[in-house]
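This report concerns only the one structure given below.
Every number for a ligand or one of its atoms is a count from 1 in the order of the listing. All values reported here derive from a predicted model rather than from experimental measurement.
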Amino acid sequence: MKLNVGVIGGDGIGPEVVAEAKKVLDCIGARYGHTFLYDEILMGGCSIDATGEPLTDEAIAAAKASDAVLMGSIGGNTSTSPWYQLPPEKRPEAGLLKLRKSLNLFANLRPAYLYKELREACPLREDIIGDGFDMMIMRELTGGLYFGERKTEEVDGVVTATDTLTYSEEEIRRIAIRGFDIAMKRRKKVTSVDKANVLDSSRLWRKVVEEVAADYPEVTYEHMLVDNCAMQLVKDPKQFDVILTENMFGDILSDEASMVTGSIGMLSSASLNETKFGLYEPSGGSAPDIAGKGIANPIATILSAAMMLRYSFDLDQEADAIEQAVQKVLEDGYRTIDIMPTEDKRATVTQVGTKEMGDLICERIQ
Ligand code: IPM
Ligand code: MG
């Protein structure tokens, strides 16, 4: 197959980790007879520097014209970077939100899985880890607080800021259907997370999820309040299969879930719409503190490329090959700094940098 992949390197560690994902895709191409044609697209701080805008119309058009988009990360240090002196709609993150909205990428899948080789990097106690855990966070991505009306104004002489959290039945229904569909292919359990004891939007969320659940008799489902879910993720992460939740809760809970798997450097993600198109991005940020040092973990981006093969291109065998190569590299004892075990257990592993990790994964592609 010939596949057109839009590539957004972005800022910070983005370009470094994306380079490794492209290397792995090219390796898959050579092994399985596919050609990946890359179209480099500017977004985030690098786009601001080049064009004055975090995402131009040309960039959106280029993303739309590709079969799928692979992304690194965008943004910089929010306290020191000049990008954060700009009005909010001109900042790097505004580019990403605009891209998600323009392409209607409402379904964000974030798989959090504990590799048995990374048990040492997991901050939880042995008895809590047990046989490990494997969950999928289904985050709604184009609604809620991220896209509601917001303003900062003076009310009776006092500066007041407002953000609004809006969800329509339809927005909830389409993500809930995705969540239950995915649960059917997994362990058939959905935990829908909300704050229905306080928020109207959550009460509607609960009602619609119940309606959708009625069409999936084989799936066990439960509702959980978000504060409890944050606690349960560290108390007993094994209980979760699919976590279905709104935009902001999903943002927060997915960072938490990634840490219990050892590192945010391992968490891939896919943002999908109603078509085969998708935006594939690691869940982590641009990590400006380690950018350019060649030590960032490229695995989340490489696993995001595997998700792209699976969800956008139906290349399941090729996606399996990447996932197995990642598994193998961990079995063989290679680790980037973020997934190094505690000092007493370091004798059995080898620390490697970003490029070496990419090379080692390529070598293991069957
Ligand atoms: C993520 C990120 C983004 C988000 C930021 C960069 C806007 O944290 O993808 O989780 O909040 O969605
Ligand atoms: Mg986030």
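Some N or O of Arg100 is nearer than 3.5 Å to an N or O of ligand 1, by distance alone.
The nearest N, O or S atom of Asp255 is not closer to the Mg ion (ligand 2) than 2.8 Å.
Between Val234 and Glu256, the closest side-chain pair of non-hydrogen atoms falls below 4.5 Å. Two residues are said to be in side-chain contact when any heavy atoms from C-beta on lie closer than 4.5 Å; Tyr334 and Arg364 meet this criterion. Put simply, the side chain of Lys98 does not reach to within 4.5 Å of the side chain of Glu89, judged on heavy atoms.
Residue Arg110 touches ligand 1 through its side chain alone, judged by heavy-atom distances below 4.0 Å.
Of all protein heavy atoms, the one closest to atom 4 (C) of ligand 1 is Tyr146 OH, 3.5 Å. Scanning the protein for heavy atoms near atom 6 (C) of ligand 1, the closest one is Glu93 CG, 3.9 Å. Shortest contact from atom 10 (O) of ligand 1 to any protein heavy atom: Asp251 OD1, 2.9 Å.
Taking 4.0 Å as the cut-off, Arg139 counts as a neighbour of ligand 1 on heavy-atom distance.
Nearest N/O/S atom of Asp251 with respect to the Mg ion (ligand 2) is recorded as OD1.
Under a cutoff of 6.0 Å and an axis angle of 45°, Lys101 and Phe147 form a cation-pi pair. A cation-pi arrangement is present between Lys22 and Tyr38, with the terminal nitrogen or guanidinium carbon under 6.0 Å from the aromatic centre and inside a 45° cone about the axis.
The aromatic rings of Trp205 and Tyr167 stand perpendicular to each other, their planes meeting at an angle above 60°, with 30° marking the opposite boundary.
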